[in-house]
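Only this structure's heavy atoms are used, side chains among them; waters, hydrogens and symmetry mates stay out. In what follows, chains are A, B, ... by sequence order, proteins preceding strands, each numbered from 1.
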4 protein chains.
Amino acid sequence: MDGRTRRREDTRQRLFEAAVELIAEQGFSATTVDDIALRAKVAKGTVYYNFASKTALFEELLRHGIGLLTEDFRAAVKGLPPRDAVAALIRAQLEYIRRYRSFAQLLLSEMWRTNREWQQTLVLLREEAIGTIAETVRAGVDSGDLPADLDVRVAASALFGVGLVVAVDWLVFQPDRPIEDVERSLLGLVRRVA
Amino acid sequence: MDGRTRRREDTRQRLFEAAVELIAEQGFSATTVDDIALRAKVAKGTVYYNFASKTALFEELLRHGIGLLTEDFRAAVKGLPPRDAVAALIRAQLEYIRRYRSFAQLLLSEMWRTNREWQQTLVLLREEAIGTIAETVRAGVDSGDLPADLDVRVAASALFGVGLVVAVDWLVFQPDRPIEDVERSLLGLVRRVA
Amino acid sequence: MDGRTRRREDTRQRLFEAAVELIAEQGFSATTVDDIALRAKVAKGTVYYNFASKTALFEELLRHGIGLLTEDFRAAVKGLPPRDAVAALIRAQLEYIRRYRSFAQLLLSEMWRTNREWQQTLVLLREEAIGTIAETVRAGVDSGDLPADLDVRVAASALFGVGLVVAVDWLVFQPDRPIEDVERSLLGLVRRVA
Amino acid sequence: MDGRTRRREDTRQRLFEAAVELIAEQGFSATTVDDIALRAKVAKGTVYYNFASKTALFEELLRHGIGLLTEDFRAAVKGLPPRDAVAALIRAQLEYIRRYRSFAQLLLSEMWRTNREWQQTLVLLREEAIGTIAETVRAGVDSGDLPADLDVRVAASALFGVGLVVAVDWLVFQPDRPIEDVERSLLGLVRRVA
DNA sequence: CATGAATGAGGTTTCATTCAT
DNA sequence: AATGAATGAAACCTCATTCAT
């Protein structure tokens, strides 16, 4: 990676961070390219030098963010027996949300909308993340650790949604509460599944 | 109520309905006043004759919608013993979300944002709705029906959030699944509380 | 004049007064029909019941106001010898401006504009008022009381303009100064003519 | 000043010129941003790229225009004895009004309004311009060239107002009359002061 | 690789006018 | 004789995008 490429990567990273924070706070439409450039401390033209459009920036952002989450999920369950694996997923999700708080907030706001440009992208990415959870749940059902009548996909999306909303609620409205607390509540909540 | 007042009320109602659907689908900023007027079948000027601004329309919408929800909560728990009361709240929330699907979707998208104009309004309204749940939970703790170490406000906001996300997920991604199913899942999920 | 007619006249008078004040303060374009109705304490529709349009209301206003001024001018000079007549005109103008302060302010703001709808009306009305002054000045020149080389129309419009600007400046910026003072200054100023 | 800055300055200057002419003819409210952009031969967005709002453009215009006038006043009286100084001020004002006819017309229309957004700005700027005249008049009183009982501020604002109204009346209604003529009339009018 | 002035389509808002009551 | 809800043209303003530097 030469000097130019490094500089460029750095600029792109700064733009991602600026965009994710602003969109989490205000939403995609309410966030302007001017805002993003200002917070990233670059000129407006630089945004367009690095991304084809505001929407493209956002889509790359989504892909990037959910990619990281999926990786974390994969890493968390590797080699664990089913029951432990579900608990590990919850811990991983919480860790992730704490680390990328803005991205989580943004997901919570965008994930259940309909009729948006990037809807299709989002559904696909959702499948990817929830799919990882579903695999783990299915393994649990197959091994008899989880009830045989459990609807795997339903359970997986419920797990994902509940984790997201409880964790974001925690970060937004009760940021002083220790994460272990939240983890305990969540594990308690999903006992039937986990 | 004379003819004029009735006509005006009717117009406002139509505007509420149009706005709630569009904002649920696309978000506040992406929804234009033109869209709203078109769907409500009134002229654009009529929106401004009835509401001071797009934001004011939205704030009144929030107040109206959450007001209804709070009323439903109050009616649902009236006279019930604690354990039944929590289950009744969940049923009421589901009923409400099914009936006002768009409003619920909109709440899910806006409730955990920060830095929006109506943020303050929303926090207050949230307090109102969650406060109603909290009263019921507290009664359960006091009567010994619920664990003594339960953090009442935390439990209340978790209940609210979980119900919202599970129900909206159901309506958006698995609309064919019967509501009883969803209710059973939810009651299962929150067994520790309910 | 029956009851209905009286009521109607009263409404029109109230609308004139409201309009003149608002237009003096803010100008014609910046004054809305809503403003006028509000200050006159009638409904908006009533403005249109009494006047064909906002512009028509304003034109009638101009005609009415300048008509009164011209009458005052005529009455003031009646039977006076030239030198006294000019002084009487100045006094009459000051009296008028004090009495109809808003109308004077409005005239000062509109009289030297170009390119407005009512421009033609205004030029005509201006001719009428300045014409009265001109007659008096001409009589003074003819009788030898005023210099023979005086350009009558120029002197007349200068007299009118100077009176207007000095008197309005007085009312707006030094309302506590007694009118006799202003009159003395004005007579001093225009000594060469008067 | 680099190329970009120059281009921007040029655009701002063109906008000032377009705005001043249109507002002089029609008034602030009746002049649209579209008109201004059209006359300045830029896109509408460019107006907003260079000025925060239509009002802000107008306020900067006022500041700019009255700044120039005040400079001219200062330059005109420099080093002159009191009597000559007052005559020089009148000449300077006439020169200025002839050169910036539209701005003068605009001032005449706006200066004696009340209740407009930029009222406060205008009062301050008026103070600045009239203050310069007042200094000269005071010097004349102190040196005994002007009557000891003259109210300095009153005389200064009368001088300013009279000059403005006579000169604008000249430009609007008798543009063919030579300026020397007007200057002579004005000096005649204000003989008591000058 | 980056910049920032300029653009114009499209958004929000205002307001003179109409009309059913 | 008066009202006020509704209208839509036209105003102000925003903002994603382009492009010359």
How are the rings of A:Phe28 and A:Phe58 set to each other: parallel, tilted or perpendicular (split at 30° and 60°)? tilted
Does the pair B:Leu38 and B:Asp34 meet the rule for a side chain to side chain contact (heavy atoms under 4.5 Å, CB included), with working shown? CA-CA 6 Å; B:Leu38 196 69; B:Asp34 262 304; over 6 Å; no
Any luck finding a side-chain donor-acceptor pair between A:Glu17 and A:Gln13 under 3.5 Å? yes
Let me know the distance between CG of D:Asp2 and C1' of F:dT21, rounded to the nearest Å. 10 Å
For A:Phe16 together with A:Phe103, are the ring centres under 6.0 Å from each other? no
Can you check side chain to side chain donor-acceptor pair (under 3.5 Å) on C:Arg116 and C:Ser29, steps first, answer last? CA-CA 11 Å; C:Arg116 306 231 62 177; C:Ser29 302; 3.0 Å; yes
Output the distance between atom CD1 (C:Ile36) and atom CG (C:Leu57), rounded to the nearest 0.5 Å. 5.5 Å
Rounded to the nearest 0.5 Å, what's the gap from OG on D:Ser102 to CD1 on D:Ile23? Could you check? 10.5 Å
Short of 4.0 Å, heavy atom to strand atom, which residues of residues 20-43 of chain C count as contacting DNA chain F? C:Val42, C:Ala43
Show me, range against range, the stems involving DNA chain F, built from at least 3 consecutive Watson-Crick or G-U pairs below 3.5 Å. E:2-21 with F:2-21
Using the salt bridge (Lys or Arg N to Asp or Glu O under 4.0 Å) rule, take A:Arg14 and A:Asp10 through it: C-alpha gap first, then chi angles, then the decisive distance, then the call. CA-CA 6 Å; A:Arg14 293 235 304 289; A:Asp10 179 58; 3.2 Å; yes
d(CZ, B:Arg6; C1', E:dA20) in whole Å: 16 Å
Ignoring hydrogens and angles, does a donor from either the side chain of A:Lys44 or the base of F:dT17 sit under 3.5 Å from an acceptor on the other? yes
To the nearest Å, give me how far apart CD (B:Glu117) and P (E:dT12) are. 12 Å
What verdict does the side chain to side chain donor-acceptor pair (under 3.5 Å) test give for D:Glu25 and C:Thr114, after you've listed the backbone C-alpha separation in whole Å, the side-chain angles of each residue and the deciding distance to 0.1 Å? CA-CA 5 Å; D:Glu25 289 168 10; C:Thr114 41; 5.4 Å; no
Respond yes when some side-chain nitrogen or oxygen of B:Arg4 is under 4.0 Å from OP1 or OP2 of E:dA20, and no when none is. no
Measuring from A:Leu124:CG to A:Glu128:CD, what's the distance to the nearest 0.5 Å? 8.0 Å
F:dA5 phosphate, OP1 or OP2, under 4.0 Å from B:Arg8 side-chain N/O: yes
Using a strict heavy-atom distance below 4.0 Å, which residues from residues 48-63 of chain A are in contact with DNA chain E? A:Tyr49, A:Asn50
Which residue lies toward the 5' end of DNA chain F, C:Val47 or D:Gly45, if each is placed at its nearest nucleotide? C:Val47
Just verifying a value: how many Å separate C:Leu62 CG and C:Arg126 CZ, rounded to the nearest 0.5 Å? 14.0 Å
Answer yes or no: does a side-chain N or O of B:Thr11 lie under 4.0 Å from OP1 or OP2 of F:dA5? no
